[in-house]
Amino acid sequence: MGVFHTISILVTNESGVLSRVVDLFSGRGYNIESLTVAPTVDRLYSRITIVTDGDSDAIEQINKQLNRLIPVIKVGDLSLSEALECEVALVKLNCKDEERSDVLRIVEATGSKIIDVTDKAYTIQTVGSEKQIQALVELIKPYGVKEFVRSGKIAMSKGNQFVSIKNA
Amino acid sequence: MTKELYSGAEIILKSLVKEGVKEIFGYPGGQVIKIYDALYNQNEIKHYLVRHEQAAVHAAEGYARATGKCGVALVTSGPGACNTITGIANAYYDGYPIVVLTGQVGLAQIGNDAFQEADIVGITRSCCKHNYLVKDIKDIPRVIKEAFHIATTGKPGPVVIDLPKDVQTAKSTFEYPETIKLAGYNPNYKGHPLQMAKAVRMLAEAHRPVIISGGGVLMSGAHNEVQKLAELVQAPVTHTLMGTGTYPDSLDSSLGMLGMHGNYWANYAVVHADVILALGTRFNDRITGCLKRFARDSHVIHVDIDPCSISKNVKADIPIVGDVKNVLLGMIELFKKEDLNIYLDDKKKWFSQIDEWKQKRAIPPFASDKLSAITVIQKLYEITKKYNPIVCTEVGQHQMWTAQLFQFNEPRKLITSGGLGTMGFGFPAALGACAGKPEQLVLNIAGDGSIQMNIQELATCVDYGFNVINCIIDNGYLGMVRQWQEKLFNKHYSETQISGPDFVKVAEAYGAVGIRVEKEEEIEPAILKAIEAKKPVFIDFVVENFEMVYPWVLAGEPLTKVLLSNDCAAK
């Protein structure tokens with residue numbers, strides 16, 4: 001086990017690409033901690049962001065193996081440089097009337113938002129780093145989490161660095 | 001003027017012709033009937049009907065190995081496609097270019113568990129270089145062009161094209177693309193100049209250099225360059241199983257094959273070297289032995305076109321990604337230009353040390369009343385030498401004996417399954433070699449186990465006059481596994497004793513020639529008769545059951561821990 005690395009992969013947006021990438025991880029015994037995928041500005045391409053762990057040799061192999069896949073255009077290990085990372089989480093709570101003000105305070109203090117309210121449930125949306133989301137989870141847990149959804153991490157390198165081609 | 005319309009099936013064949021395909025191996029079925037109909041109406045592509053789809057793919061690979069061209073196989077959907085998996089994986093691990101065309105159920109039926117449907121794109125994903133499901137007739141020419149490009153460039157490998165039935169029957173105009181646009185695929189052919197310069201200096205300054213010549217040398221046609229560099233550096237050269245023939249075994253500076261059943265002086269040289277130049281090899285565990293003990297005190301320069309092979313198993317001190325031939329040409333030029341001192345005295349000492357290792361140990365013969373497999377293969381080599389045959393093998397003891405006892409002085413003469421180790425590969429591969437090199441003598445050295453895995457191809461050989469001489473080393477056991485059981489599992493011969501048919505009668509039943517050999521004096525006449533027969537032949541060499549392959553480095557042991565006989569280890 002090594003440290004977590006965030007790998008940004010630019011691929012052609014065609015059917016089966018995601019399974020090629022995922023198969024590579026499972027076939028070679030690499031772990032996927034989180035995974036996101038969506039088309040880029042130019043819909044001919046998609047961006048896959050994978051968080052994985054391994055020592056530097058393993059990460060180097062993952063990098064090379066990904067590059068070997070034909071639809072993979074670029075691969076970047078974002079943990080090599082400082083990267084901008086964020087994640088979205090949605091939390092649904094059933095809270096009692098007397099707890100509502102506490103929950104609202106937590107929402108405000110963590111910079112989250114309430115995006116849906118019914119007579120029984122609050123749905124909270126939070127955007128931030130893994131730590132920030134973890135902090136919200138810890139604070140909100142005592143109020144009874146009904147459902148919790150996390151997007152998985154997306155990331156981009158800071159400053160002038162990029163893992164991209166034009167419009168992608 | 002309106003352009004002429006063609007069916008998808010016709011467009012497939014036209015595209016293949018554009019790629020220079022003249023021969024394909026295949027087996028028809030319901031979902032490729034349209035392509036077979038198109039084949040019926042043309043005469044540019046010759047189709048060879050095999051007896052099993054696995055054999056079609058092995059034959060395509062044998063063809064590719066013998067000729068250097070891309071092999072092509074055509075099979076139907078479902079079971080036909082599934083039968084190709086072993087063949088595809090075999091080509092993938094040894095890095096040979098083939099294109100496999102599979103039929104598929106109609107587009108609307110995909111995913112509905114239709115009759116003879118299999119998700120072949122999903123199934124083959126991890127054992128091919130790339131694959132395609134063609135959903136639109138307009139994509140056929142582009143996909144075929146890309147497939148041949150991908151299969152034959154970089155580290156070559158198999159590409160699968162899945163062709164739904166309705167794509168084959170649709171109509172369209174035919175226009176073959178001139179260029180290829182693949183943003184994600186740009187193999188690096190030229191080595192990095194600074195790395196090359198560093199490598200040249202390191203080699204020149206080496207006291208005990210060794211060159212390991214792998215399959216990549218064969219692939220890039222760099223055998224002459226290896227020889228030139230070896231002369232300049234004054235380095236001995238060993239080769240992997242896949243690199244057989246890339247450095248002439250007849251040269252004094254050749255160490256022959258290294259690894260588990262390699263020459264023990266080759267293993268010793270690699271272990272004691274201070275600089276290893278590894279060319280087009282992926283350092284498979286069969287050549288490194290215990291990885292931790294491999295090249296512990298030496299510097300490794302690793303040249304390979306596939307970046308994944310570098311520093312995967314053995315950490316490279318100087319990695320060079322590029323085509324071996326290009327890199328070697330560059331290094332040779334640098335060597336000449338810089339006029340480097342190469343420490344000739346040290347290298348003389350190094351060669352005499354290797355000579356000492358060479359002379360010290362011989363493998364004692366196995367005492368038996370029966371015919372020895374080693375004698376058979378040795379004689380086979382001596383008698384067929386003058387014909388410069390293409391030698392195919394199956395997998396097991398006979399394969400290692402062939403690699404050890406035959407001298408190969410040029411590439412593409414040994415066709416054998418290395419990475420995947422596929423029993424049943426040799427016979428169909430030999431058939432493919434016959435198709436590609438009809439003027440050559442083709443041998444298939446087999447075990448009595450292996451030959452039974454694709455024995456049905458004798459019919460194909462008889463049909464097309466592929467006069468493969470199958471030399472069956474018949475010891476009544478799955479010999480290599482039995483050998484491990486003898487040494488490592490207390491002689492528990494669990495399910496390794498194997499019966500076979502009367503191979504002579506089988507051959508005759510198929511209309512081929514069958515010969516049985518039980519005594520040493522029968523070997524030569526049998527081989528000569530086989531060569532003169534001008535027919536496919538089975539020679540059943542009934543040999544000793546318990547002969548072992550030595551030298552032998554047990555799996556996971558360091559390369560220097562070489563066993564030379566049942567009770568003797570080299571020191």
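Below, chain A is the first sequence line, B the second, and so on; all start at residue 1. Predicted, not measured: the structure shown is a model, and the values here were computed from it.
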- Message: Is any side-chain heavy atom of Val145(A) closer than 4.5 Å to one of Val137(A)?
- Response: no
- Message: Are Phe283(B) and Phe294(B), when compared by the centres of their aromatic rings, separated by less than 6.0 Å?
- Response: yes
- What part of Asn131(B) lies closer than 4.5 angstrom to a heavy atom of chain A: side chain, backbone, both or neither? both
- Best-contacting candidate, Ile165(A), Asn67(A), Ile70(A), against chain B by heavy atom pairs under 4.5 angstrom: Ile70(A)
- Task: Check the surroundings of atom CZ in Arg296(B): do more than 12 heavy atoms from other residues, nucleotides or ligands lie under 6.0 Å from it?
- Result: yes
- Are the aromatic ring centres of His130(B) and Tyr185(B) under 6.0 angstrom apart? no
- Side chain proximity check, Val159(B) to Cys128(B), heavy atoms < 4.5 angstrom: no
- May I ask you to list the residues in residues 8-27 of chain A that approach chain B closer than 4.5 angstrom, counting heavy atoms only, ordered by number? Ser15(A), Gly16(A), Ser19(A), Arg20(A), Asp23(A)
- Checking Leu133(B) against chain A: side chain, backbone, both or neither under 4.5 Å from a heavy atom? neither
- Looking at Ser311(B), Ser126(B), Gly154(B), Gly184(B), which has the largest count of heavy-atom pairs under 4.5 Å with chain A? Gly184(B)
- Against chain A, work out which of Val121(B), Leu182(B), Asn186(B), Asp306(B) has the most heavy-atom pairs shorter than 4.5 Å and name it. Asp306(B)
- Neighbour count >12 (heavy atoms, 6.0 Å) for atom NZ, Lys64(A): yes
- Item | Side chain proximity check, Gln65(A) to Arg28(A), heavy atoms < 4.5 angstrom | yes
- Message: Holding to side chain to side chain contact (heavy atoms under 4.5 Å, CB included), I want the full list of residues that pass it with Asp317(B), two or more places apart in sequence or in another chain.
- Response: His299(B), Val300(B)
